[in-house]
Amino acid sequence: MTRPAIAFVASRTEEAQAALAQISAQYTQVPLAEADVIVALGGDGFMLRTLHRHLALKKPVYGMKLGTVGFLMNQFRTDGLIERLARAQSTVLKPLVMEAVGESGGTTTSLAFNEVSLLRQTKQAAHIRVSLNGVVKIDELMCDGILVSTTAGSTAYNLSAHGPILPLGADVLALTPISPFRPRRWRGAILRAGTEVKLEVLDPYKRPVSATADSNEVRDVVEVTVRESRDTTVSLMFDPEHNLEDRILNEQFAY
């Protein structure tokens with residue numbers, strides 16, 4: 001069996017740092033640029049930071065859970081790592097591209113592997129116009145916010161906002177309101193992955209709104225455009241007995 005060149009990264013928690021010391025003593029590691037695979041030790045938040053931080057390296061990432069939430073991670077064990085990596089199945093994720101225009105007119109571009117969310121910044125409800133591919137679908141959505149989720153992110157914030165769980169590889173996105181007041185009966189939509197979503201903030205000075213792509217927040221936005229990336233992908237590796245597709249499927253039967 002060919003031994004892959006491994007680079008280990010870990011969150012700053014005491015548990016993850018202890019695991020890093022343990023696993024580094026057991027397996028030879030190389031610098032990130034020379035690795036065949038990155039092994040990330042932490043929770044889902046750390047996994048998302050790892051994907052963003054090392055995206056340019058184009059390395060597959062195999063996560064092991066050492067955090068509160070580990071939906072994107074495998075179980076932590078130090079034994080048999082080489083064999084587990086050889087058996088691991090890859091899941092290719094396409095992030096969302098967020099282009100957020102602020103009150104000053106500047107544009108911030110960010111990627112999101114889970115979701116792009118807009119949230120009211122004050123006690124005032126947000127008023128948002130929703131357009132798809134240049135066509136207005138909702139003239140004025142009164143709400144706490146709204147989000148666009150990938151299939152991989154559909155079981156995260158999207159699910160907490162009562163959005164649909166999306167099968168991995170379904171080539172769709174979820175558009176989900178957060179505490180909608182008007183139109184009260186609108187519960188969101190499932191969109192083709194190629195859809196461009198435009199969210200315009202109405203009365204942004206009285207009702208300020210922030211936009212967040214995963215953990216990258218932009219305050220006081222006036223317009224946000226979201227679309228699936230056409231040229232950026234990342235590969236996550238999972239043990240075959242606990243792959244991401246099965247996890248997402250099983251979430252639909254959780255109660």
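Because the structure is a prediction, the values reported are computed rather than measured.
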Checklist entry - Angle class for the Y27/F8 ring planes (parallel below 30°, perpendicular above 60°, tilted otherwise)? => result tilted
Checklist outcome for this item: The ring-ring contact (aromatic ring centres under 6.0 Å, His included) partners of H54 (sequence neighbours excluded) come to none
Checklist entry - After noting the C-alpha distance and the side-chain angles of R3 and T28, does the key distance pass the side chain to side chain contact (heavy atoms under 4.5 Å, CB included) rule? => result CA-CA 10 Å; R3 296 177 67 91; T28 302; 5.8 Å; no
Under a 4.0 Å N-O cut-off, is there an ion pair linking [X] with [Y]?
X    : Y    : answer
R87  : E241 : yes
R84  : D239 : yes
K198 : E223 : yes

I'd like to know if the side chain of [X] reaches the main chain of [Y], judged simply by a donor and an acceptor atom lying under 3.5 Å from each other, with no hydrogens or angles considered.
X    : Y    : answer
Q121 : S210 : yes
R230 : R227 : no
N158 : P164 : yes
T150 : G153 : yes
E99  : V226 : no
N114 : D214 : no
S235 : V92  : no

Next on the checklist: Using a 6.0 Å cut-off, check whether atom CD of E196 has over 12 heavy atoms from anything other than its own residue.
Outcome noted: yes
Item to check | Over 12 foreign heavy atoms within 6.0 Å of CD, Q26 | outcome: yes
Group every Ile, Leu, Val, Met, Phe, Trp and Tyr by side-chain heavy-atom contacts under 4.5 Å, then state whether [X] and [Y] land in the same group.
X    : Y    : result
L111 : L57  : yes
V116 : V97  : no
I165 : F238 : yes
L202 : V130 : no

Next on the checklist: I want to check something: taking the side chain as every heavy atom from C-beta on, are R187 and P177 in contact at a cut-off of under 4.5 Å?
Outcome noted: no
Next on the checklist: Is the shortest side-chain heavy-atom distance between T225 and V197 below 4.5 Å?
Outcome noted: no
Item to check | Verdict with supporting geometry, S229 and L96, side chain to side chain contact (heavy atoms under 4.5 Å, CB included) | outcome: CA-CA 5 Å; S229 175; L96 300 172; over 6 Å; no
Item to check | T176, V224, L175 screened by side-chain contact (heavy atoms from CB on, under 4.5 Å) with I146, the one that passes | outcome: L175
Checklist outcome for this item: Sorted by chain and residue number, the side-chain contact (heavy atoms from CB on, under 4.5 Å) partners of K58 (sequence neighbours excluded) come out as none
Checklist entry - Please walk me through it: do Y205 and D220 pass side chain to side chain contact (heavy atoms under 4.5 Å, CB included)? => result CA-CA 8 Å; Y205 300 104; D220 301 312; over 6 Å; no
Checklist entry - Yes or no on side chain to side chain contact (heavy atoms under 4.5 Å, CB included) for I128 and E140, after CA distance, side-chain angles and deciding distance? => result CA-CA 5 Å; I128 298 172; E140 187 173 17; over 6 Å; no
